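See below for the structure under consideration.
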Amino acid sequence: MRELTYYVAASIDGFIAAPDGTFDAFLAEGDHMAAIVSDFADALPTHVLDALGIRPPRTRFDTVIQGWNSYSVALDAGIANPYSHLAEYVATHRTDEPSGVQYTSNALATVRALKAEPGLGIYLCGGGSLAGSLLPEIDRLIIKSNPVVLGGGIPLFGGVTGAATTFTPLSAATFASGVTITEYVRPTTATSAG
């Protein structure tokens, strides 16, 4: 079965964006970028891959799902298909979907259906509210912790209430830039993979 991976940058106080939705406080340069390009190229937007002269390896992800606010960042920049090298889904109630992007008003049902299909992993791009609603289906977390405290903003998981959800640390890499990339798996994933 395919995995849903929440791969995201965050501040050390647990926010994926500032209160105004910006994320320019996160480091876009530094020695951690080599690891991002080599290990997570499938999760880079297509225009970034093109600028770097890289073909997407399609070894990790072949599908992406994101919330409307995350997607609108690309739309505001004039990019209707930010991940055109992947099957793109946007969680929204809107119906004016551009060509190449599929909208879903029920992200949980969509992810469950996608996980039952053959293919590579599914990349949960953001945002925090979508991650909160998809928490029961998240198999893997890969968090790029940036050495900054935002003091508020969009949390890693919005709207989560109830019992704690446990993940098992799998690996961590710390870079001179101050960024730490930590990977966690849901215990059932760790058991079935090991």
Side-chain angles (χ1 to χ4, degrees), residues 2 4-11 14-29 33 36-37 40-58 60-115 117 119-135 137-138 141-144 146 148 150 152-160 179:
R2 300 166 81 184
L4 177 64
T5 299
Y6 186 24
Y7 169 66
V8 65
S11 63
F15 296 100
I16 63 172
D20 65 357
T22 60
F23 44 89
D24 53 354
F26 297 150
L27 300 175
E29 295 181 357
M33 293 305 295
I36 289 170
V37 170
F40 304 102
D42 287 342
L44 292 172
T46 304
H47 69 278
V48 172
L49 291 168
D50 291 344
L52 294 172
I54 298 172
R55 292 184 51 88
R58 294 183 58 99
R60 186 180 289 265
F61 304 117
D62 64 7
T63 304
V64 61
I65 186 165
Q66 59 188 315
W68 176 259
N69 290 337
S70 297
Y71 177 60
S72 67
V73 171
L75 277 183
D76 292 346
I79 303 168
N81 303 97
Y83 296 95
S84 62
H85 60 286
L86 304 174
E88 293 183 79
Y89 291 83
V90 177
T92 182
H93 292 287
R94 299 174 65 107
T95 58
D96 59 331
E97 61 189 67
S99 176
V101 174
Q102 298 177 63
Y103 286 177
T104 177
S105 60
N106 188 338
L108 192 58
T110 298
V111 165
R112 286 178 175 156
L114 288 169
K115 287 175 80 172
E117 296 174 359
L120 298 175
I122 304 160
Y123 164 38
L124 171 54
C125 180
S129 293
L130 179 59
S133 71
L134 292 176
L135 182 56
E137 291 298 323
I138 295 174
L141 301 170
I142 302 173
I143 301 173
K144 301 171 283 185
N146 282 255
V148 61
L150 293 178
I154 300 171
L156 271 165
F157 294 95
V160 175
V179 171

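If you're wondering where the values come from, they're calculated on a predicted model, not measured in any experiment. All residue numbers refer to positions in the sequence shown, counting from 1. Just so you know, these numbers use all the heavy atoms, side chains as well, and skip hydrogens, waters and symmetry mates.
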Residues which pass ring-ring contact (aromatic ring centres under 6.0 Å, His included) with F26, listed by chain and number, not counting sequence neighbours:
none
Residues forming a ring-ring contact (aromatic ring centres under 6.0 Å, His included) with F15, sequence neighbours excluded
none
Side-chain contact, heavy-atom cut-off 4.5 Å: [X] with [Y]?
{"X": "V8", "Y": "L156", "answer": "yes"}
{"X": "Y103", "Y": "H93", "answer": "no"}
{"X": "Y7", "Y": "V64", "answer": "no"}
{"X": "L27", "Y": "K144", "answer": "no"}

Which atom of [X] lies closest to which atom of [Y], heavy atoms considered:
{"X": "P57", "Y": "A41", "result": "CD-CB, 3.6 Å"}
{"X": "V160", "Y": "G132", "result": "CG2-CA, 3.6 Å"}
{"X": "P155", "Y": "G158", "result": "CG-CA, 4.0 Å"}
{"X": "A10", "Y": "I143", "result": "CB-CG2, 4.1 Å"}
{"X": "G128", "Y": "I154", "result": "N-CG2, 4.0 Å"}
{"X": "L130", "Y": "A107", "result": "CD1-CB, 3.6 Å"}

Kindly compute the distance separating [atom1] ([X]) from [atom2] ([Y]), expressed to the nearest 0.5 Å.
{"X": "Q102", "Y": "T92", "atom1": "CD", "atom2": "OG1", "answer": "14.0 Å"}
{"X": "L120", "Y": "R2", "atom1": "CG", "atom2": "CZ", "answer": "7.0 Å"}
{"X": "N81", "Y": "L75", "atom1": "CG", "atom2": "CG", "answer": "9.0 Å"}
{"X": "W68", "Y": "S129", "atom1": "CH2", "atom2": "OG", "answer": "15.5 Å"}
{"X": "C125", "Y": "L86", "atom1": "SG", "atom2": "CG", "answer": "10.0 Å"}

Which of T63, L114, V111 passes side-chain contact (heavy atoms from CB on, under 4.5 Å) with L4? Answer is V111
Donor-acceptor pair, [X] side chain versus [Y] backbone, under 3.5 Å?
{"X": "E88", "Y": "Y83", "result": "yes"}
{"X": "T104", "Y": "T110", "result": "no"}
{"X": "D20", "Y": "T22", "result": "yes"}
{"X": "Y71", "Y": "Y89", "result": "no"}

Could you tell me which residues satisfy side-chain contact (heavy atoms from CB on, under 4.5 Å) with P56, sequence neighbours excluded, listed by chain and number?
D42, L49, R58, H85
Look at the aromatic rings of F157 and Y6 and report parallel, tilted or perpendicular, splitting at 30° and 60°.
perpendicular
Do T5 and R60 have a side chain donor and acceptor closer than 3.5 Å?
no
Residue pair N146, V179: steps toward the side chain to side chain contact (heavy atoms under 4.5 Å, CB included) verdict
CA-CA 5 Å; N146 282 255; V179 171; 3.8 Å; yes
Show, in sequence, the C-alpha distance, side-chain angles and deciding distance for E137 and I122, and conclude whether the side chain to side chain contact (heavy atoms under 4.5 Å, CB included) test is met.
CA-CA 11 Å; E137 291 298 323; I122 304 160; over 6 Å; no
Kindly determine whether V90 and I65 satisfy side chain to side chain contact (heavy atoms under 4.5 Å, CB included), including the steps that lead there.
CA-CA 6 Å; V90 177; I65 186 165; over 6 Å; no
